[in-house]
Every structure is written in C-alpha cells, then in structure tokens.
There are 2 protein chains.
Amino acid sequence: MRNLNSVSLSAIRVIEAIARTGSLVRAAEELGATPGALSQRLSKAEASLGQPLFVRLSTGLRPTESCARIVPRLTLALTELSASLTELKRSESTTLTVTVAPIFASRWLIWRIGRFNQKYPTISLRLLPTADVIDLDHSDVDVGIRFGRDSAAMDGAFKLIDQRVFPVCSPELSRSIQKPQDLFQFPIIRENDQLSGWEVWLAALGLGHPEMKAGPTYADGSLCLDAAMLGQGIFMAWQTLASDALERGQVVAPFPNRVLSGASYWFITNRWSVQKPAVRQFREWLGEEMACSLRYWETC
Amino acid sequence: MRNLNSVSLSAIRVIEAIARTGSLVRAAEELGATPGALSQRLSKAEASLGQPLFVRLSTGLRPTESCARIVPRLTLALTELSASLTELKRSESTTLTVTVAPIFASRWLIWRIGRFNQKYPTISLRLLPTADVIDLDHSDVDVGIRFGRDSAAMDGAFKLIDQRVFPVCSPELSRSIQKPQDLFQFPIIRENDQLSGWEVWLAALGLGHPEMKAGPTYADGSLCLDAAMLGQGIFMAWQTLASDALERGQVVAPFPNRVLSGASYWFITNRWSVQKPAVRQFREWLGEEMACSLRYWETC
DNA sequence: GTTTCGCATTTAGAAAATCTAAATGCGATC
DNA sequence: GATCGCATTTAGATTTTCTAAATGCGAAAC
C-alpha cells in the first residue's frame, strides 16, 4: 500500500488508459484532458518508477513488456473503484433515512409508510426514531422531521403543518360534555406535569383560567393519549398525535375548535441530500398525507 | 470508468485509509500527510459525491452505511494497484534487455552468456540482436552494445574495448606466410566490397599500398570469417569477431600486430536503467570477459 | 464541575501539481 | 517531397494541495 505514495494515482489512470487505447490522443479524449497533459503525467510516472512504460512508435504508444503485464490488473482495479463509486451513488439515491421524534413516528408516520412504499417502490425509507436532534449535515441521515416553535425556524427548513391543539377524551366521557366548562369535571391528563396547549385553547375560546382537576401524568404524549382512550381524563392533543385514534373512534374531540399552538412540524434536510430526488418525493408525499389528514379532521 | 473523473483518486485513497484506521490522525500518518490536508480532501470528495461519507464522532470518524459498504472493495482495488506497481518494480529489476549488433552477439556474446547466468542466476538477460540503432531512452531496452568511431562517442557511453584489427587466415594458408608481404599472394576477403582495416594495419607496420588480389565479398564480417576458415583467403578481423575461432584453431593470426582501428565498443544505457543494479553488474561482467579475451590474444 | 486531552476542522498563505495552447519534431503515407 | 497524424516540449497560467497554527468540540480525568 505504501507503494502508492510513489506514483500519483492519476498517473496510474493515465497509464491504463494509454495502454488500453494505444494512443495518447484517444486516452486524452477518454480522460477529458489534452494529450500534452497526459504526456507530462506519463513522463513523471516513468521517472518516478525509474523505467519507461511505453515504447514510442510513430503510430502511437505501445506498452513495454513489464507494463503490458500489469495493465490487466490496473484495468481491473480501476474498474473496481469505478463500480464502487457507482454503487455509492446508487445506494445513496434509493435509500432515504429520516429522523423523527418517536411519538410522531409511532402515532402517525409508520401507519402511512406502507403507502409511500407503494408509490415509490424503489426508495427504501428508513426511520430513525430519536428524541434528540441530530446535526444532519454531519450524519448519514437525509431528512429530519422536527417539531418546534415557529420563531426558531431554522435555515432551509420547510414547514409541513402548523400544530393545532384540541381536547380529546374517551367516547364515554364525551357524552357528559356539552360546553367547554364541562371538561373540567374530569381530570386533566398531563405530559411531564405540563399542561401545554391549554392556555392557547382556552384563550381562543374566550375562557379564562378555570380550575383544572389533577390528573395522571405521563412521560410523553403518546401515553397521555392512551390514558385518554381509557377514560382517565381529558388530554390536550394535536393533529398528528390523535389523528388515527379519532378516525377509529378510540377518542373523540368534543369541540371542533382546533387552535394554533404557535409551533409547527418542520421538514429539514441534510445539506447534501437537498438535491436527491427521493428527498423531494418524500417531502411532497408527506405534504399530501398531511393535507389528507387535515381534510378528515375538518369534516368531523 | 468515466465515474473516476468525478472524484480524485487520491481522495479515494484517503477515504479508504480513514475508513480502515477509523481516524484522521492515523490515516494521515499512514499516507504521510497532515490531518488537515486529509480533512480537506475528504470534504471535497464528499462535496463532489453529494453525500457525507463519514459520521463525525468525538472519538474519530465512522463511515456512513453506504461508505462502509464499499470500503472493502476500495481496499481490494487499492491493494491490487499497489501489488501491480510492486510487480512492475520487481520484473524491472530482474530482467535486462540488451541490444547488440548480430555479429557481436553471434561471434562473441552468446558464447559467454552462460557464464553470466551462472554468476547472476536471478537476472534474466535478453538479447535483442538488431543492426539498427535504437533510441534506448524511448524503448524498453536497458542496454546497448554499439560499435562506433571514438569521435562519435555519445553522452553517457562507457567504452568497453578499443577495436584492434589484424589479418587472419586458415592454418593451411598461414604455413606459406612468414612476412607481411606473403599475405598478398592470397585473395583478400572483403566485407561489402570494402577493405576496412587494412589501411591502418599496413600503416602501423610501415608498409605502403601493396597490390591486393581480388577475393570473395560477403555481406557481413561473420561470413567473411567463415570464408577465411575455409581457406578462401585473408581477412582483416578484429578481437571480438575472431576470438573464439582463434582459440579453437579454426583460424590463425600469422602476425602478432593488433592495430587500433580508431573505433571501439561502447556500452550505452537507457537513461532509466542507469541505476539498475543489473546494469552495473552486466557492465562489470562484460569488462571482465573482454579483459579475459584480451589476455588470451596477447599470449598467442 | 472544571480542566484537560484527543480529536477533527478551519483558515490563510505558501508550495506544488497540473493544465492549456502553441510550437516542435518525427515517421509514415500519399 | 509534401502532408498528415501523432507524441512531445515549452512557458506561463491556473488549480490543487499542502502546511502550520488556530479553533472548536466532546469525553474523560481530576
């Protein structure tokens, strides 16, 4: 391996091309350079190898015996390198790695990926459900779907959907609920002891700060939604979380008001992946699916 | 193959080394460069491939999935290139191609090559008997043994031996020859209708321009010598031509005077081959063999 | 919790390599 | 004897690549 320090690899390519084509001019054409440039590279290689590699004929260049002996090996090795790069590009264009928050993945995305695979069978979509934000540019992840406040919008991010919040509960509970104030006869389910979303929702409905019953608290929204399904209380949910549970009737939203929370879902891209067609296709597909979910919520 | 235009081959080497060693610092050490240089080459490669090849960890660099997949192929290909270069160097050091005039080859050199092979069994000596002078620097020939006038001595040539001329004839004829004038009762054998050598020899012995009988003419000195052996006349020979025939008694030199012709044998070297040990060894061996022939001539 | 260490990366400027375009030279062919 | 095709040389421009030092960042050590 240390051998390769003695000759520039580009010179090896020149040698192989000249040997294969039998002429400087043809090799130059193949390599996209001028004959003069190749001639110089060749001379340098010969000098550093301490031996001539080609016999100069009036009709072109003929490899010397020892050069001819290794040319097939050079061709092989260079073909191998070339094929490797092709594979690199190919695999890159057909696999798409997406990092998403686990809750979004489990409550919304994974149920729809089947349709994506149907539409783009050549793209192999891989999910990387992680809670922490990755530096996409220095990873092999193409896309991130991140939730964040609109004010923190990052460079080159694409907004997928505004988050809207609304209370949900089990069908049983909802029977006792006619007006917003009725909600507060039930416990309020909390995510990490927080009551996120309630303030904006109440404000939008012109309600003050009613007294809210203590309720169970869970580490993430997904568990909170489960608790709501089981009738443990009222939970302030949002579209992508509750979408499928609503559709299946596992929970219901007693009021049609869906209030902008001021946060959104963002589609962010690895700097390298921006121009990958698969990225664009995934983004467009995501947009369509979200629009479809939205339409459903509006009709119910 | 056209693929390889997109990425510099040296970058491929960097990629392979980083992937194999797992660290920029170690790769830099192996490739004999600074980490900064490799970092730059890598960034450029990533840019032109349009994808990151390594995930940056605090402990070093980890290949991305698609990079890792091709690394074994890269290692293979680079190893192959390296091995090819090794073979190139190896074969170069053990085969020695020598271009010689056919007459010198057939009358002197080939009878001694056996001894050369014995002394240097690892060097495979190949003779290229050609009449025309080759431009060594642009051929795969390492050495030329050329005959020429001293005034035309070329650059970097090494004089092997001064040519000395002397008349020879068959043993039968020589019995009638006591003094130089006796030579001219026999036909004078010519090479290409020329009487080369006679003038200097006669001058050295203080003889004028005696009348010389017409004799057979042949295309080259080797055939002239054969004619002399067969008693067809007198031939003005020289050391390397007549050496073995004299030793075997096929011809005799009636007079001890060996006169400098003003020409010599030259040992010339392909510019690339000068530093090959085999070249030096062959030159030294040639010198010894010639000295040995000289000693024999002096004693007879 | 702070420091230190081992990395990779960035930067600016220097050095080296490589290239281009045109001239040159050399055989072979017409 | 002229012309064509090819490789080579040359000088100068251009691009690439490198070095050395500064920087930044995370993990381990203290």
Side-chain angles (χ1 to χ4, degrees), chain A residues 4-15 17-49 52-64 67 132-140 271-272, chain B residues 4-15 17-48 52-64 67 130 132-140 271-272:
Chain A
L4 299 177
N5 279 331
S6 61
V7 192
S8 99
L9 286 181
S10 67
I12 294 184
R13 217 177 147 218
V14 169
I15 293 165
I18 298 177
R20 188 157 36 75
T21 62
S23 134
L24 251 191
V25 171
R26 280 192 294 275
E29 193 181 350
E30 175 172 324
L31 301 186
T34 58
L38 264 53
S39 177
Q40 292 177 59
R41 280 205 250 173
L42 176 59
S43 308
K44 249 180 69 182
E46 290 182 323
S48 57
L49 287 170
L53 297 169
F54 291 89
V55 179
R56 272 64 172 180
L57 307 174
S58 61
T59 56
L61 300 175
R62 185 173 56 77
T64 63
C67 175
D132 35 305
V133 176
I134 301 180
D135 175 11
L136 287 191
D137 287 347
H138 288 150
S139 74
D140 55 352
R271 155 166 56 136
W272 309 100
Chain B
L4 298 177
N5 279 331
S6 61
V7 193
S8 101
L9 285 180
S10 66
I12 294 184
R13 219 179 146 215
V14 169
I15 292 166
I18 298 177
R20 188 158 36 74
T21 62
S23 132
L24 251 191
V25 171
R26 281 192 294 275
E29 193 181 351
E30 174 172 324
L31 301 186
T34 59
L38 298 202
S39 176
Q40 290 176 60
R41 279 205 251 172
L42 176 60
S43 309
K44 247 180 72 180
E46 291 182 322
S48 56
L53 296 169
F54 291 88
V55 178
R56 273 64 172 180
L57 306 173
S58 63
T59 55
L61 301 176
R62 186 174 57 76
T64 62
C67 177
T130 51
D132 35 304
V133 177
I134 299 180
D135 174 11
L136 288 192
D137 287 347
H138 289 150
S139 74
D140 55 351
R271 154 168 54 138
W272 310 101

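Every chain is numbered from 1 and lettered A, B, ... according to where its sequence line falls, protein lines coming before strand lines.
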| Roughly, in whole Å, what's the span from CG in B:L31 to P in D:dT17? | 14 Å

| Okay, side chain of B:S39, backbone of B:P35: is any donor-acceptor separation there less than 3.5 Å? | no

| query | How close or far is atom P of C:dC19 from atom CG of B:N5, stated in whole angstroms? | reply | 11 Å

| B:R13 CZ - D:dT16 P separation (whole Å) | 21 Å

| said: Rounded to whole Å, please give me the gap between CZ in A:R41 and C1' in C:dT20. | reply: 13 Å

| query | Roughly how many Å is it from CG in A:L9 to P in C:dT18, rounded to a whole number? | reply | 11 Å

| message | Is the shortest side-chain heavy-atom distance between A:R41 and A:I18 below 4.5 Å? | response | no

| At their closest point, which heavy atom of A:A19 faces which heavy atom of A:P63, and how far apart are they? | CB-CG, 4.0 Å

Under 3.5 Å, which donor-acceptor pairs do the side chains of residues 52-61 of chain A form with other protein atoms, sequence neighbours left out?
unit_1 : atom_1 : unit_2 : atom_2 : d
A:R56  : NH1    : A:E46  : OE2    : 2.9
A:R56  : NH1    : A:F54  : O      : 2.8
A:R56  : NH2    : A:E46  : OE1    : 3.1

| request: Determine, stepwise, if the pair B:R13 / A:N5 fulfils side chain to side chain contact (heavy atoms under 4.5 Å, CB included). | output: CA-CA 10 Å; B:R13 219 179 146 215; A:N5 279 331; 2.9 Å; yes

| task | Kindly give the heavy-atom pair with the smallest separation between B:V7 and B:S48, and that separation in Å. | result | CG2-OG, 4.4 Å

| Nucleotide-resolved protein contact map, nucleotides 2-16 of chain C, B/S/- at heavy-atom distance under 4.0 Å | ------SBBB-----

